[in-house]
There are 2 protein chains.
Amino acid sequence: MSETQESMIVEHVLDAISDQRLRAGTKLGEQALSDLFSCNRAHVRRALATLSAYQVVDLIPNRGAFVSTPSEDEARDIFQARRAIEATIIRNVVRRADDADLAALRAHLTHEDAVRQENDRPKAIRASRAFHMLLARIGRNSVLEKYLSELTMRTSLIIGLYGTNKASLCADDEHRHIVDSIAARDEARAQDLVDHHLRHIENEIEFGSQSPRIGPLSFILQPSEG
Amino acid sequence: MSETQESMIVEHVLDAISDQRLRAGTKLGEQALSDLFSCNRAHVRRALATLSAYQVVDLIPNRGAFVSTPSEDEARDIFQARRAIEATIIRNVVRRADDADLAALRAHLTHEDAVRQENDRPKAIRASRAFHMLLARIGRNSVLEKYLSELTMRTSLIIGLYGTNKASLCADDEHRHIVDSIAARDEARAQDLVDHHLRHIENEIEFGSQSPRIGPLSFILQPSEG
DNA sequence: TCAGTATATATTGTTAACAAAATAAACAAA
DNA sequence: TTTGTTTATTTTGTTAACAATATATACTGA
């Protein structure tokens, strides 16, 4: 069903959300999107239905589509779900990772270091999320991988909403320690580190400090780069 | 966005799948669905997009929508994901269940007993799934609840595809033992029982025995009852 | 009878036009 | 100035018509 057109919209919006270019509450107008991606509104509507099913967009009847704004309760549920899912993922990783996977993890760590130098916040956020998604891929469970993909995007929204400046990024050495424990095939330690890492991120969030500023859609999405 | 019409279709299809009235591979024609639910094709299309996002329906370009047919690998991923998610759910349940929740669980057990007498297989399957979803609700994590809802539906597809006759239902006493451990606030035991219960179900599946028979859509969905 | 091909039918994909609702703007009265 | 009302504009919702593709049927030749 014309997957390309629709999935392009979906992918761009998801990317923009996970990079925190699109913030919670932003309206996703049908006309605006169909203009941006030069397609008709039917495609946009189906894309929005898909994004709504992913729970990153809220569809309000007669009002339109908005990037969803997770509540504090929802945020806690999301983090607990991440701990549940990533615990199994890391166990799979420790058991299944081969040399190529370990090399990819090491390569990613150096990439994260390089990004950290640049002081490019969206880029750093993207890299940080990519680490968790790399683990999910190495874990080789497509179901958990998809769910984590959704949850990390919603985590981006949460951090964008409530996150303090310092908190918004995963501490570098925590990722490094996790990779070390994987290389050592230390399952218990790896699980522990991931769990603490996630609690770390959650604890650095301060609920109550909303920052609702949003920018123009055309600037944020930039469909040309896809 | 006219949630009622679209969500009605979605709910009916999901119900039919979880009851195993809709089997893997069944074609969901746009005309057929719009006739059944007396709405236009635009609604059907958006409903199918949503169902596709839930991963219970596959959209094949220029061919249409089909109830998805999980592979053996996918099935194993689904069961592992269930173990990951239900482990956390049961922990929440043991910690959070109040007297009303325990009463609801006991009531459900008697309901399952009653259903078992009737020899109505779809009804028994529905009751069995309802037990797991009741746990998810009592666990009070909306994210895990939604994911488990998806996974139990996909489990229905798997059992419909590969399940042996005896295997297709959860053993009654296993559910009862789980409730007992919850009442006793024995977290470790409850987690253990749920894990074994899920492995039990998985082990009774025989991959390789496809049964691809399907019936007419109008008979299966029966939109009148909604 | 079977295989291959051409035709006919049905289904999905796409677009545009119109209706209904919500938002924005203009205006009047206090 | 502020509040409330009316009008205009924009945006979402709905429908139908048409194009493109796939499936089913009928036909021809071996």
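Proteins come first, then strands; the chains are lettered A, B, ... in the order of their sequence lines, and each starts at number 1.
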Has A:K27 got a side-chain N or O lying under 4.0 Å from the OP1 or OP2 atom of D:dT12?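 Indeed, a polar side-chain atom of A:K27 lies that close.
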Between D:dG13 and A:R45, is there an OP1 or OP2 to side-chain N/O distance shorter than 4.0 Å?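 Yes, such a contact exists.
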Spacing of [X] atom [atom1] relative to [N] atom [atom2], expressed in whole Å:
X	N	atom1	atom2	value
B:F37	D:dT15	CZ	P	16 Å
B:R46	C:dT14	CZ	C1'	17 Å
B:Q5	D:dT12	CD	C1'	16 Å
A:N62	C:dA21	CG	C1'	5 Å
A:L48	D:dG13	CG	C1'	14 Å
A:E6	C:dT12	CD	P	16 Å
B:H43	D:dA16	NE2	C1'	14 Å
B:L59	C:dG13	CG	P	7 Å

Give the intermediate values and the outcome of salt bridge (Lys or Arg N to Asp or Glu O under 4.0 Å) for residues A:E30 and A:R45. CA-CA 7 Å; A:E30 295 184 1; A:R45 273 167 152 262; 3.2 Å; yes
Please work out which of the three classes, parallel, tilted or perpendicular, describes the rings of B:Y147 and A:Y147, given edges at 30° and 60°.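 Aromatic pair A:Y147/B:Y147 classed parallel.
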5'-most contact on DNA chain C: A:N40 or B:Q31, nearest heavy atom basis?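 It is B:Q31 whose nearest nucleotide is closer to the 5' end.
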Nearest heavy atom decides the nucleotide; on that basis, is A:R41 or A:R63 closer to the 5' end of DNA chain C?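 Counting from the 5' end, the first nearest nucleotide belongs to A:R41.
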Do side-chain atoms of A:R96 reach the backbone of A:G139 as a donor and acceptor pair under 3.5 angstrom?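 Flag set: sc A:R96 to bb A:G139 pair under 3.5 Å.
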Could you tell me whether a side-chain N or O of B:R23 sits under 3.5 Å from a main-chain N or O of B:G160, the two making a donor and an acceptor?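 Yes, because the side chain of B:R23 sits within donor-acceptor range (under 3.5 Å) of the backbone of B:G160.
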Among D:dT15, C:dT12, D:dT12, the one nearest A:E30 by side-chain distance: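 Closest of the options to the side chain of A:E30: D:dT12.
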